[in-house]
Amino acid sequence: MILLEGSIHKIKVDFNIKVNDLRVRKQDIIASVKQHYDRLAVINDELGTPDELILPKIDEKIEYPEKDFNVTD
């Protein structure tokens with residue numbers, strides 16, 4: 001029984017690590033896209049095109065559901 005509980009705990013910890021790694025990767029990708037969008041905005045200004053670029057954003061409520069349990073004053 002103890003081995004089973006230890007195994008389940010390890011699987012849960014590994015899953016949480018993978019989810020956190022994916023969150024960090026997503027933030028890195030969004031930062032990279034922002035750099036590309038900044039460069040594209042400069043090019044669009046030089047060309048005189050009024051294209052507005054939409055930058056992806058992280059929805060805190062969806063991405064971090066554990067923050068619902070944080071209690072503040």
Side-chain angles (χ1 to χ4, degrees):
M1 189 68 174
I2 293 175
L3 292 175
L4 179 62
E5 290 175 359
S7 174
I8 291 172
H9 178 35
K10 183 180 179 340
I11 291 170
K12 288 181 179 182
V13 168
D14 290 343
F15 177 77
N16 288 336
I17 289 171
K18 287 179 184 179
V19 168
N20 285 332
D21 289 345
L22 287 173
R23 286 178 180 167
V24 169
R25 184 172 178 215
K26 184 175 183 177
Q27 290 174 347
D28 292 343
I29 290 171
I30 289 176
S32 173
V33 168
K34 183 178 180 340
Q35 289 176 347
H36 292 306
Y37 277 12
D38 291 342
R39 179 66 181 136
L40 283 173
V42 170
I43 293 171
N44 283 341
D45 287 341
E46 290 176 4
L47 295 176
T49 56
D51 293 337
E52 193 66 32
L53 303 173
I54 299 171
L55 184 65
K57 296 180 182 176
I58 295 177
D59 187 4
E60 294 287 327
K61 190 168 191 107
I62 294 173
E63 292 289 328
Y64 300 99
E66 66 271 9
K67 288 186 177 180
D68 289 340
F69 300 112
N70 289 348
V71 178
T72 60
D73 291 336

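Just so it is clear, the model here is predicted, and its values are computed rather than measured.
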Atom of L55, atom of K34 and distance for their closest heavy-atom approach: CD1-CA, 3.7 Å
How far does CD1 of I43 sit from CG of D38, to the nearest 0.5 angstrom? 11.5 Å
CD1 of I30 to NZ of K26: how many Å apart, nearest 0.5 Å? 5.5 Å
Inspect the contact between K10 and D14 and indicate whether a charged nitrogen and a carboxylate oxygen are less than 4.0 angstrom apart. yes
Identify the two heavy atoms, one from I58 and one from Y64, that lie closest to each other, and give their separation to 0.1 Å. CG2-CE1, 4.3 Å
Look at D21 together with R25 and state whether they make a salt bridge at an N to O cut-off of under 4.0 Å. no
In Å, rounded to the nearest 0.5 Å, how long is the span from CG of N20 to CZ of F15? 10.0 Å
In this structure, are over 12 heavy atoms from other groups packed under 6.0 Å from E60 atom CD? yes
Spacing of R23 atom CZ and D28 atom CG [to the nearest 0.5 Å]: 14.5 Å
Nearest 0.5 angstrom please: E63 CD to L22 CG, how far? 9.5 Å
